[in-house]
Structure formats: structure tokens, C-alpha cells
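One-based numbering along the sequence shown.
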Amino acid sequence: MKTMRIFCGVMLFWIAVQTGYGQRVYADATQISVTPPVLVTLASVENQGRAIDLPDTLNFSTLNVSVGALGIIYARQNLQFINNPKPSRFSPIITKIGRQGSLIDLLGRFKVQRTNGNINNLVEPDYSGSQLLNLLNLFGGGEVGTLVFLPNGDDFDGIRFEVTSFLSAAVSAHYYYAFYIASPTLSNHTIHLCEGASGTATISNFQPGYTYRLYTAQAGGTQVWNDITTNTITIPPDSEGSYWLEAREGNVYPSARVKITVTVHPLPGKPQVTLTDELN
């Protein structure tokens, strides 16, 4: 383990090499920032290394802020990909947060936002508690929430959890982890079909528990054909075009998509018909 502490400020940077679970790739570094030093006793991040101490995914760090007295009091923790591969700009990112008591009570007092390079280099947009509730609909009245942030096409390598307090009650919240799902690895990205024939491609990193889907676009788009639950993708006849393959853990957590190009070739000796306009 490699640790760097900077005592002249409020930043601590901690790196630990971790392993993934299945096709998960976890954040493996943590940075924290709290209210400026004059108010340092009003905010803290406890046990920050627990948010990256895999394979224990039940552990968590704790972000604390006390009652605001001189403006906003905040505690921030950024989970970043340093030694493990960075997510692509099209990777959905999944985080888990919680608290003692309903997460509904945190609305308006926390937000989550992607970062790129360090804890202070933010990537738009940010998500407040109410926006997360409306967008993801995962909180209910529970103490723990798993959040899935869909990609916006911007580069990022971390995700920051922030808890704030104005002139209100103190706040405490937990940060468990952040990860993305590795994209599928294919035996071939270009498939050549004879007219009227089907074809296949093989998923090299297939694992049980993962479902695969083909879409018409790299982000958004429409699913084509049925879910795939084996390591073989079957391409129906005459399906020329570009498609994007997505892995889904438990059919819930999606990966970034990889492109498949299908080219259909006419049968040898088949007459080619060209339509022309013979009207004068």
C-alpha cells in the first residue's frame, strides 16, 4: 500500500491496489477534502480507506458535518481509478452510499459528481439528492442506495460524494465503493455474412450472471433482438449495419458498449438489379 498525506492542507491521498469482482472494476484511490482549516473541527471523513478496501464491499467510510455556523460546512470524498484501468467516457459508474436512518433525510444536503484528475476538477453535471431520487428512483425509505450514473460522453476517472450543512442539523453519511462494469471483449468486431446466412461472434470475457444486449447506438438507442445469456452472439441473416454490445451484471448494472459491424455480401453469380428512372 502507498499512502501520501499533506498536513499543510486538508487533502489526504491514499492509494491501494485492489481486485475486481466478476467484471467489476473498482475505484482504488481516495482523496478527501473538508471545510477550510479554520473550521476543520466542523467536518471530517473517517476511515476513508475503507471505501477501497476490497474485497470487503460491506465496509464504508463516514463523512461527517456538524451544524453550519459560518456558512456551508462540507465533507467530500473522491473515489478514483489510479492503478486499475480508468473507465471510458461511455462507462456508466455505480456507487453505493448510506446512512443510519432513511436516505430521504439527506435530500438537499448531499450531491455526487464525476471528477477528472483530482477531487476538485469536476465534470458536469452534478446530481443533488432530489435529482438523484427523481432520476434513479432507488432510495425509497432505505438506509442504503446503489446509484447508477449513465454516461454523458465526457472523460472522467473518479466520482465525488459530498455532504453539506447550512444552519441545520448535523449530517453523517457512508460511502461504500464505486465501480464500473468492464466492456465485453469480442473475438471479432467485424462480421461478414453471405446473403441469407446468419453469423456469430464470441464474448471472450463471458461470465455467468452477466446478460448481454445489442443496441443501435453507443449511448441510448434501441435494443435489437433478445438478451444474450451465453458467450455466443448470433447475428440473424441480412442484418447489415453497426451495433453496440453492452454487458449487464444481474441484468441491472450496464457496461460501456463495444461496436460490432455486420457486412452482408451477395451470393456469387446472383444477378445484381439496379433500379433506374426511365421516365423522361
Side-chain angles (χ1 to χ4, degrees), residues 9-13 26-27 29-36 39 42-45 48 51-52 60-66 68 71-82 86-99 102-140 142 144-181 219-220 253-254 256:
V10 293
M11 183 74 65
L12 183 145
F13 187 71
Y26 283 93
T30 175
Q31 302 165 306
I32 67 169
S33 177
V34 297
T35 303
L39 302 174
L42 300 181
S44 65
V45 179
Q48 63 268 21
I52 57 170
F60 52 81
S61 60
T62 302
L63 287 71
N64 302 300
V65 293
S66 58
I72 297 176
I73 309 300
Y74 65 79
R76 298 167 178 162
Q77 182 171 16
N78 186 44
L79 297 187
Q80 193 175 13
F81 300 84
I82 297 294
K86 297 182 185 295
S88 80
R89 63 179 60 186
F90 290 101
S91 295
I93 192 81
I94 297 99
T95 68
K96 182 179 179 181
I97 63 173
R99 72 184 303 265
S102 173
L103 280 169
I104 296 294
D105 297 336
L106 277 180
L107 293 183
R109 292 190 284 180
F110 80 103
K111 61 182 178 180
V112 186
Q113 188 165 0
R114 293 179 181 87
T115 61
N116 192 26
N118 61 67
I119 192 171
N120 295 315
N121 191 21
L122 299 175
V123 178
E124 296 294 338
D126 65 0
Y127 299 91
S128 70
S130 59
Q131 289 170 324
L132 290 170
L133 180 64
N134 295 332
L135 177 64
L136 302 170
N137 196 27
L138 293 175
F139 289 134
V144 176
T146 302
L147 316 175
V148 181
F149 301 90
L150 298 178
N152 61 0
D154 291 330
D155 290 325
F156 74 99
D157 62 9
I159 188 159
R160 189 179 84 177
F161 181 35
E162 176 184 295
V163 177
T164 61
S165 176
F166 287 90
L167 299 175
S168 59
V171 177
S172 181
H174 306 315
Y175 202 0
Y176 288 81
Y177 52 70
F179 69 86
Y180 68 91
I181 302 296
Y253 303 141

Identify which one of Arg160, Gln48, Gln31 satisfies the side chain to side chain contact (heavy atoms under 4.5 Å, CB included) criterion when paired with Gln77. Gln48

The reported gap from CG in Leu79 to CG in Asp157 (rounded to nearest 0.5 angstrom) is 11.5 Å

Output for pair (Leu63 CG, Ile97 CD1), nearest 0.5 Å, gives 10.0 Å

Output all residues satisfying salt bridge (charged side-chain N to carboxylate O under 4.0 Å, His left out) with Lys96, sequence neighbours left out; order by chain, then residue number. none

How long is the straight-line distance from CG of Leu150 back to CD1 of Ile93, given to the nearest 0.5 Å? 11.5 Å

Could you tell me if the side chain of Val45 sits less than 4.5 Å from the side chain of Thr62, heavy atoms only? no

Got a sec, which residues hit side chain to side chain donor-acceptor pair (under 3.5 Å) with Thr95, two or more places apart in sequence or on another chain? none

Using side-chain heavy atoms (C-beta onward) and a distance below 4.5 Å, is Phe161 in contact with Ser61? no

Counting distance only, does the side-chain N/O of Gln113 pair as donor-acceptor with the main-chain N or O of Ile159 below 3.5 Å? no

For the atom pair OG (Ser88) and OH (Tyr180), what is the distance rounded to the nearest 0.5 Å? 8.0 Å

For Tyr176, check ring-ring contact (aromatic ring centres under 6.0 Å, His included) against everything at least two apart and list the hits. Phe60

Heavy-atom closest pair (Ala75 atom, Ser44 atom, distance to 0.1 Å) is CB-O, 3.7 Å

Treating Asn121 as the side-chain partner and Asn116 as the backbone partner, does any N or O pair qualify as donor plus acceptor under 3.5 Å? yes

Could you pull out all residues at least two apart from Asp154 that satisfy salt bridge (charged side-chain N to carboxylate O under 4.0 Å, His left out)? none

When the ring centroid of Phe81 is compared with that of Tyr26, is the distance short of 6.0 Å? no

Counting only N and O atoms by type, is there a donor-acceptor contact under 3.5 Å from the side chain of Asn152 to the main-chain atoms of Glu124? yes

How long is the gap from CD1 on Ile119 to CD1 on Ile32, to the nearest 0.5 Å? 8.0 Å

Looking only at non-hydrogen atoms, find the nearest pair between Pro254 and Pro92 and report the distance. O-CG, 3.6 Å

Going through the distances and angles, do Thr30 and Asn78 end up as a side-chain contact (heavy atoms from CB on, under 4.5 Å)? CA-CA 6 Å; Thr30 175; Asn78 186 44; over 6 Å; no

Determine yes or no for a side-chain-to-main-chain donor-acceptor pair under 3.5 angstrom, with Asn64 supplying the side chain and Ala43 the backbone. no

Among residues at least two apart in sequence or on other chains, which ones pass salt bridge (charged side-chain N to carboxylate O under 4.0 Å, His left out) with Arg76? Glu162

Does any part of the side chain of Val123, heavy atoms only, come nearer than 4.5 Å to the side chain of Thr115, both counted from C-beta? no

Considering non-hydrogen atoms only, spot the tightest contact between Ile181 and Tyr253 and give its length. CG1-O, 3.7 Å

dist Ile52:CD1 -> Gln80:CD (nearest 0.5 Å) comes out at 10.5 Å

Phe149 and Tyr127 aromatic ring geometry - parallel, tilted or perpendicular at 30°/60° bounds: tilted

What pairs with Asn118 under side chain to side chain donor-acceptor pair (under 3.5 Å), at least two apart in sequence or on another chain? none

